[in-house]
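Remember, predicted model here, so these are calculated numbers, not experimental data. In the text below, chain A, chain B and the rest are named by the order of the sequence lines, each starting its count at 1.
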Protein chains: 2
Amino acid sequence: MPTLAAAAAPVLAHQSTLRESNLAVVLRCVCASPEPVSRAGVASATGLTRSTVSRLVDELVAGGLVDEGTARLAGPGRPATPLRPARRICAVGLQVNAAHVAARLIDLRGEVVAESRSEPDLVGSDPARALGLLGGHLAEVLPAAPEHGRIVGAGLALPGVVDASGERLLRAPNLDWRDVEPVAGLRGQLHDIPLTLGNEANLGAHAFAQPAPGRRGRSSHFVYVSGEIGIGGAVVTDSLVQSGLHGFAGEIGHMPFRPGGDPCPCGSDGCLERYAGRLAMTRRAGLPPSTTLAELGQRAEEGHAGSREAIELAAEALGVVLAGVVNLLDVPTIVLGGEIGDLAPRIAPVVEARVRARVMAAGWMPLEVCQDPDDVAGATGGALVHLTQVVTSPAVVLAAGGGEAC
Amino acid sequence: MPTLAAAAAPVLAHQSTLRESNLAVVLRCVCASPEPVSRAGVASATGLTRSTVSRLVDELVAGGLVDEGTARLAGPGRPATPLRPARRICAVGLQVNAAHVAARLIDLRGEVVAESRSEPDLVGSDPARALGLLGGHLAEVLPAAPEHGRIVGAGLALPGVVDASGERLLRAPNLDWRDVEPVAGLRGQLHDIPLTLGNEANLGAHAFAQPAPGRRGRSSHFVYVSGEIGIGGAVVTDSLVQSGLHGFAGEIGHMPFRPGGDPCPCGSDGCLERYAGRLAMTRRAGLPPSTTLAELGQRAEEGHAGSREAIELAAEALGVVLAGVVNLLDVPTIVLGGEIGDLAPRIAPVVEARVRARVMAAGWMPLEVCQDPDDVAGATGGALVHLTQVVTSPAVVLAAGGGEAC
DNA sequence: CGAGATAGTTTTGGGACACAACCAATGGAG
DNA sequence: CTCCATTGGTTGTGTCCCAAAACTATCTCG
C-alpha cells in the first residue's frame with residue numbers, strides 16, 4: 001500500500017553494506033531485549049538463519065560489543081548461551097543548564113555506571129567557570145569506566161541553539177552565553193573522546209524515546225516539553241527526534257499563546273514561555289525568581305493564591321499551545337520534562353483536558369500527558385545518542401578496533 | 001558524527017534485498033535527472049560499477065520501467081544510449097473538494113498525460129453525486145493511457161481526515177461528509193487499480209516536495225498551507241510528508257491564533273481558520289460566501305475596505321501561527337497552496353515579515369514564503385504517491401509483471 | 001537411560017557485485 | 001582519409017555474504 005512515508009531515498013548497497021546492515025540488525029535485537037537472548041532467539045526474531053546469526057554474533061563478541069554469559073538459559077533442549085550488550089562500551093553524558101551541572105557514564109545496556117552532579121546558579125555565568133565545574137564532574141566519572149573499556153563519545157546538553165555541526169553553541173538566553181565552543185575547554189579531560197553538543201530538550205526527548213540504546217520507549221510519537229527557566233521542547237516521530245533542517249527545531253517556548261501579549265526577549269510577544277516558564281510563573285505568583293517549580297507547587301498546595309493562579313495560567317497556556325502541536329503533528333503523547341515535570345502531577349490532568357477539548361481528531365486518537373522522571377535527561381540523552389550510534393553502525397566501532405582501552 | 005537522526009531502525013537484508021535496493025537506486029537516478037542519462041552516467045552518479053548498472057538497467061528495461069531511446073547522446077567517445085523513465089507506467093490522481101472535481105493521469109516522468117475537471121459546488125453535497133462526477137472525469141482520462149501501458153494505482157485527495165488504512169474518509173467538515181468509503185463507488189471504472197485516499201493538503205505537499213517521481217522539489221523542509229473554504233496543511237521534512245501516527249497530521253487550520261476568540265465548529269475557538277479561511281474572510285469583508293479569494297483580492301485591489309481588512313487580518317494570523325510552526329520545526333520555507341495561493345502575491349511579503357519578526361533563529365536561517373501554482377495539487381500528489389512507490393520499490397512492479405496491458 | 005527438543009556449527013551452494021579485460025563507436029588530429 | 005584517443009557498454013572471473021541442510025551438543029522429560 002503506497003504511503004507518504006515510503007519515499008525515503010535508498011542508498012547504494014555493496015555486499016559489505018549488507019553485512020553491516022545485518023550486524024546492526026543483530027546488535028539491535030540483542031540491545032532491544034531487556035532479558036538476555038540466545039543466538040537462536042535472535043535468529044527467530046530477525047528472520048536471519050541461525051548460521052548467519054552465529055557468524056555475526058561471533059564477530060560482535062570478538063569486537064567486544066556483545067558479552068557472552070557463562071550461565072546457561074534453561075529450558076527444554078540444549079541450553080543457550082545468553083547474549084547481552086557489552087558493559088565495556090560506554091558513553092559520557094554531560095549537561096549544563098541554569099541550575100544543573102552533571103556528568104553521567106552510561107554503558108551499552110543503558111545502565112548508569114557513574115554519575116556526578118551539582119546544582120550551582122549559572123544564570124548569566126561565565127562559560128569558563130561552568131565548563132570548569134563540568135570538567136570536575138567529568139573527571140570524577142571517567143575512572144568508573146570498566147577495565148579495557150571503551151568510551152565511544154560524549155554528548156553535552158545545553159539549553160540553547162546549537163549549530164548544525166554540533167560543535168558550537170550559538171545562543172543560550174538563560175545562561176546568557178553566545179558563541180561558545182566547549183570542546184576546547186574540555187579537551188584536557190576528554191583526550192580523544194569525540195564531543196558533540198545538543199539542545200537539552202532534543203537530547204532529553206531522545207532519551208525518552210530510546211531509554212536504552214536500540215530499545216524503544218513507551219511512546220514513539222510525542223512532543224517533549226522541557227521546562228526550566230525558559231521552555232524548550234522537541235518533537236519525536238517514529239522514535240526519532242525531529243531536529244529540523246538546521247537543528248534549530250523544538251523552540252516550543254516561543255510558540256504564540258497570546259500574540260500581542262507579554263513581550264518576550266526573543267523579540268516576539270505572547271510566547272508560551274511568558275506564561276509557563278519558571279521566571280514568568282514565579283513573577284506572577286509574587287515569589288522570588290529563584291523559587292523552584294516544586295516550591296511553587298508546594299505554595300499552591302498550601303493555598304497561596306498567586307501560586308495557584310500562576311499554575312492555572314501556565315496549564316491553560318500549555319494546553320492551548322500543545323493542542324496546536326497535536327493538531328499539526330498527530331502526536332498522541334505529551335511528555336513534561338525538566339523542572340516542569342515536577343508540576344506534572346498537578347497540571348497534567350488540566351493540560352490533558354485542555355488539549356482534548358481543542359484537538360480535531362481527539363475522538364479518534366488516544367491522548368496522554370505524562371512526566372519524564374529523569375531530572376538530567378539531557379545528559380542521559382547526550383550519552384545515549386553516541387551509544388545509539390554504535391547500535392546503528394556497529395561496523396564503525398569494530399573497524400576502529402573495539403579493543404582499545406580507555 | 002553521531003546525530004539524532006541517525007537512529008532509524010535497520011531492516012533485515014538478504015541478497016535479494018541488495019538487488020532490490022540497487023534497482024531502486026538506479027531507477028531513482030534515471031528519474032531524478034531531467035535530462036536522459038546513459039548507463040555510464042548512472043554508474044558515475046551512483047558509485048556502482050558500469051557492469052552492475054548495465055545488468056540492473058537491462059532488468060528495468062525488460063520490465064518496462066525504463067525506456068531506451070533510439071537517438072544517441074553526442075559527445076566525445078562512443079555515443080550513449082539515452083535512458084528515460086518509461087511513459088507506459090502511469091498513475092491516476094483524483095481530487096474532490098468543495099469547489100473542484102478532477103482526474104489526472106500522470107506518467108513515470110511526472111508529465112500529465114490527460115486531465116479532466118469541473119468546478120461544481122459540493123458544499124454539503126451527497127457523496128454519491130460527487131463520486132459520480134469524479135467517475136465521469138476518471139472515465140475520460142483512462143483511455144489516454146498509452147497502449148500496453150500499466151496504471152499502477154490511483155490516489156484520491158479529499159479535504160478531510162482519512163483513516164490510517166487509506167480506505168475511509170472519517171470526516172470532511174466542508175463537504176459535510178462522514179464515514180465515506182469511495183472505493184466501492186468507483187470500482188466500476190477502476191477495475192483492479194488500487195485506490196488510496198489521502199488528505200488533500202498532505203498530497204499537495206507531497207507533489208510540491210517531489211514534483212516528479214524520485215525528483216526533489218525546490219525545498220526539502222517546508223510547511224504547506226492549503227487554503228480553500230477551510231485551511232489544511234502539511235509538514236514536510238527531508239522531502240517526506242509527516243503524516244503522524246494515525247495519519248491525522250496537518251490540521252494547521254485549527255492551531256490557535258486567538259484562543260478565546262471566534263468559536264470554531266471544531267469545538268475550539270480562535271483557530272487560524274476563523275481568520276484566514278475563505279469563509280471567515282468573505283464574511284469579514286461583507287461579501288457572499290461564494291466569493292473566491294481571487295475575487296476578494298481583486299476587490300481589495302479596487303479599494304474595498306472590508307476586503308483589505310480581511311486580508312490583513314488573515315496575513316497577520318498566518319504570520320503568527322506559521323512563526324510558531326517554524327520555531328517548532330525549523331522549516332525555512334512556507335508554501336501557500338490551493339485557493340489561498342491566489343492571494344500569495346499580495347500576502348506573501350506580509351506573512352514573511354511577520355514570521356521573520358517572531359522566529360527565534362531568524363538570524364541564522366533563510367525564510368521564504370512561496371506559492372504552489374498547481375490548483376489541483378491534491379490530485380497530482382495522489383498520482384505521484386503511487387509513482388514514487390514504483391521508484392522506491394521497482395522490484396514489486398517487476399515481479400507483478402510490468403507487461404500487463406491496462 | 002533413551003527419546004525428543006532445542007542450540008549452535010559446519011558444509012555446500014547460489015546470488016550479487018567488484019574488477020579487469022575487451023569490444024564498439026564516434027570525434028578529432030594530422 | 002586514416003589513425004588514435006576517448007568514452008560507452010559487455011563479458012568473464014573472483015570474492016563476499018547469506019540460505020539451506022546436515023550434523024553435533026546438551027538438556028528435559030518420561
Enquirer: Which comes earlier along DNA chain D counting from the 5' end, the contact point of A:Arg50 or that of A:Pro79, where each point is its nearest nucleotide?
Expert: A:Arg50

Enquirer: Does C:dT9 have its OP1 or OP2 closer than 4.0 Å to a side-chain nitrogen or oxygen of A:Arg55?
Expert: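 A:Arg55 to C:dT9 OP1/OP2: no side-chain N or O under 4.0 Å.
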
Enquirer: A:Leu18 has a side chain; which of C:dC19, D:dG9, D:dC17 sits nearest to it?
Expert: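 For A:Leu18, the side-chain atoms sit closest to D:dC17.
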
Enquirer: If each of A:Thr81 and A:Gln15 is mapped to the nucleotide of DNA chain C with the nearest heavy atom, which maps nearer the 5' terminus, i.e. the 5' end?
Expert: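 It is A:Thr81 whose nearest nucleotide is closer to the 5' end.
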
Enquirer: If you assign each of A:Arg78 and A:Glu68 to its closest nucleotide in DNA chain C, which residue comes earlier from the 5' end?
Expert: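 Closest to the 5' end, via its nearest nucleotide, is A:Arg78.
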
Enquirer: What is the distance, rounded to the nearest whole Å, between atom CG of A:Asp58 and atom P of C:dA7?
Expert: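 Checked: the CG to P distance equals 16 Å.
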
Enquirer: Look at the side-chain N and O atoms of A:Ser54 and state whether any lies under 4.0 Å from the OP1 or OP2 oxygen of C:dA7.
Expert: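 No, because none of the side-chain N or O atoms of A:Ser54 sits under 4.0 Å from OP1 or OP2 of C:dA7.
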
Enquirer: Counting only side-chain N and O atoms of A:Arg19, is one of them less than 4.0 Å from OP1 or OP2 of D:dC17?
Expert: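 Checking D:dC17 against A:Arg19, a side-chain N or O does come within under 4.0 Å of OP1 or OP2.
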
Enquirer: Quick check on D:dC18: is either OP1 or OP2 less than 4.0 Å from any side-chain nitrogen or oxygen of A:Ser51?
Expert: no

Enquirer: Of the non-hydrogen atoms in B:Val241 and B:Ala234, which two are nearest, and what is the gap between them?
Expert: CG1-CB, 4.5 Å

Enquirer: How about B:Ser51 and B:Ser54: does a side-chain donor come under 3.5 Å of a side-chain acceptor?
Expert: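 No pair is found: no donor N or O on one side chain lies under 3.5 Å from an acceptor on the other.
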
Enquirer: What are the residues of residues 30-37 of chain A, sorted by number, that bring a heavy atom to within less than 4.0 Å of DNA chain C?
Expert: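 Listed by number, there are none.
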
Enquirer: Rounded to whole angstrom units, what separation is found between the CD atom of B:Glu20 and the P atom of C:dA16?
Expert: 10 Å

Enquirer: Provide, to the nearest angstrom, the distance between the CG atom belonging to B:Leu48 and the C1' atom belonging to C:dC19.
Expert: 14 Å

Enquirer: Heavy atoms only: give me the nearest B:Ala91-B:Val152 pair and the separation to one decimal.
Expert: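 Looks like CB-CG2, 4.0 Å.
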
Enquirer: Between C:dG15 and B:Ser16, is there an OP1 or OP2 to side-chain N/O distance shorter than 4.0 Å?
Expert: no

Enquirer: Going by atom types alone, do A:Ser220 and A:Asp238 pair a side-chain donor with an acceptor below 3.5 Å?
Expert: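 A:Ser220 vs A:Asp238: no donor-acceptor pair found between side chains.
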
Enquirer: Grab the two heavy atoms, one from A:Leu108 and one from A:Leu65, that are nearest each other, plus how far apart they are.
Expert: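 So the minimum-distance heavy-atom pair works out to CD2-O, 3.5 Å.
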
Enquirer: Is the shortest side-chain N/O distance from B:Thr52 to OP1 or OP2 of C:dA18 below 4.0 Å?
Expert: yes

Enquirer: Considering non-hydrogen atoms only, spot the tightest contact between B:Ile151 and B:Ala145 and give its length.
Expert: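 Residues B:Ile151 and B:Ala145, closest heavy atoms: CD1-CB, 4.1 Å.
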
Enquirer: Which pair of heavy atoms, one from A:His386 and one from A:Thr196, lies closest together, and at what distance?
Expert: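 Of all heavy-atom pairs spanning A:His386 and A:Thr196, the closest is NE2-OG1, 2.9 Å.
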
Enquirer: Quick check on C:dA16: is either OP1 or OP2 less than 4.0 Å from any side-chain nitrogen or oxygen of B:Asn22?
Expert: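 The answer is no; no side-chain N or O of B:Asn22 sits under 4.0 Å from OP1 or OP2.
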
